[in-house]
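Let me begin by presenting the structure, written as structure tokens, before commenting on it.
Numbering starts at 1 and runs along the sequence shown.
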Amino acid sequence: MNTEKMAPRAAYLLVGVGALIMLMPFYFMFVFATHSRTDIFNLPPPLFFGGNFAINLQILTEKIAFWRALGWSLYVALASTALTLLFCSMGGYAFAMFEFRYKKQLFLLVMGTMLLPQFLGMIPTFMIMDAFGWIDQPRALYIPGAASAFGIFMMRQFISASIPKELIEAARMDGCGELGIYWRIVLPLLAPAMGTLGLITFIASWNNFIGPLIVMRSPDMYTLPLALRSMQSPVNTEWGAVMAGSAIATLPLLVLFAISSRRLIDGLTAGAVK
């Protein structure tokens, strides 16, 4: 038996089985979105698509303001992504290219925030947002996390590995200001890392459930995860409608990931080999 040929085949088989297992929940979500609640709880459950999607969508839009929640989720995700890319790229550029007092200590402080569990910030977040008068306001979802420690770290590492300081010094000698250097030189070279960070940030914001749960009070201001959760009850949940809403909410992420998966891999591996 030729072990050199069998090893890659076994690896591909293992990866294929793992991918199939990971894709099964998505498949059943789309299948259940086309069946009624009674069909979903039949034994065995339906394995193929049905014809109940339009009814489930009608129930969904009657129970909650689905399209409004979808719009809020899109707005918050886009705003969060734009602000994160702006502030994290500026922070990473400063930590990578500038020398200033307490630079190492400040960077360690930024990295230290990554060690804190998310639930520890729930009460302080609510208190701060309440003091600002931002309860039930979308800005409470995208402004507090605009300068994330992970984003700053990622940008700093990419800039340190991929952008030579000599290029920045040459631009300064040519009379280019710091803002011009950042906008005309640094940002275009940051495209792979910014694409990766933007994709990660958009997905995290789109799927964010804890944040809206803390600061949103009015159902009209719910984002999509919170709106879909409001449909669930211990006794009478229209699971077909919930699955239909989840399928619609998941579809843009699947399309986005399929389009930008190569950029994601390139951005994560950029600078790994000098």
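Contact check for Tyr142 versus Leu83: side-chain heavy atoms found under the 4.5 Å cut-off. Proximity of Phe30 to Met243: side-chain heavy atoms (C-beta onward) are nowhere separated by under 4.5 Å. Between Val186 and Ser89, every side-chain heavy-atom pair lies at or beyond the 4.5 Å cut-off. Contact check for Met216 versus Gln137: no side-chain heavy atoms found under the 4.5 Å cut-off. Side-chain atoms of Leu190 and Ile159, non-hydrogen and from C-beta on, do get closer than 4.5 Å to each other. Taking 4.5 Å as the limit, some side-chain heavy atom of Leu47 sits within range of a side-chain heavy atom of Phe28. The closest side-chain heavy-atom distance from Met154 to Phe158 is not below 4.5 Å.
To the nearest 0.5 Å, atom CH2 of residue Trp206 and atom CZ of residue Phe202 are 5.5 Å apart. Between atom CG of residue Leu86 and atom OG1 of residue Thr81 there is a gap of 12.5 Å, rounded to the nearest 0.5 Å. Here Leu60 contributes atom CG and Phe53 contributes atom CZ; the two are 8.5 Å apart, rounded to the nearest 0.5 Å. With rounding to the nearest 0.5 Å, the separation of OG1 in Thr84 from CE in Met155 is 9.5 Å.
Between Glu99 and Lys103, at least one side-chain nitrogen of the basic residue sits less than 4.0 Å from a carboxylate oxygen of the acidic one, meeting the salt-bridge criterion.
Taking the salt bridge (Lys or Arg N to Asp or Glu O under 4.0 Å) definition, one finds that Asp136 meets it with nothing, sequence neighbours left out. Take Lys63 and apply the salt bridge (Lys or Arg N to Asp or Glu O under 4.0 Å) test, not counting sequence neighbours, and it matches no residue.
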In sequence, state the C-alpha distance, the side-chain angles, and the governing distance for Tyr222 and Trp72, and then conclude on side-chain contact (heavy atoms from CB on, under 4.5 Å).
CA-CA 7 Å; Tyr222 283 177; Trp72 280 126; over 6 Å; no

Could you walk me through whether Thr34 and Asn56 pass side-chain contact (heavy atoms from CB on, under 4.5 Å), step by step?
CA-CA 7 Å; Thr34 63; Asn56 288 336; 5.8 Å; no

Could you go through the side-chain contact (heavy atoms from CB on, under 4.5 Å) check for Asp220 and Arg68 one step at a time?
CA-CA 7 Å; Asp220 290 337; Arg68 177 179 294 178; 3.1 Å; yes

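Met127 belongs to a hydrophobic cluster whose remaining members, ordered by chain and number, are Ile123; membership requires side-chain heavy atoms of ILVMFWY residues under 4.5 Å apart, directly or through intermediates.
For the pair Arg156 and Tyr93, the NZ or CZ position fails the cation-pi test of under 6.0 Å to the six-membered ring centre and within 45 degrees of the ring normal.
Follow the hydrophobic side-chain contacts under 4.5 Å out from Phe41 and you reach Tyr27 in the same cluster.
Defined by atom type and a distance below 3.5 Å, a donor-acceptor pair is present between the side-chain atoms of Asn236 and Arg37.
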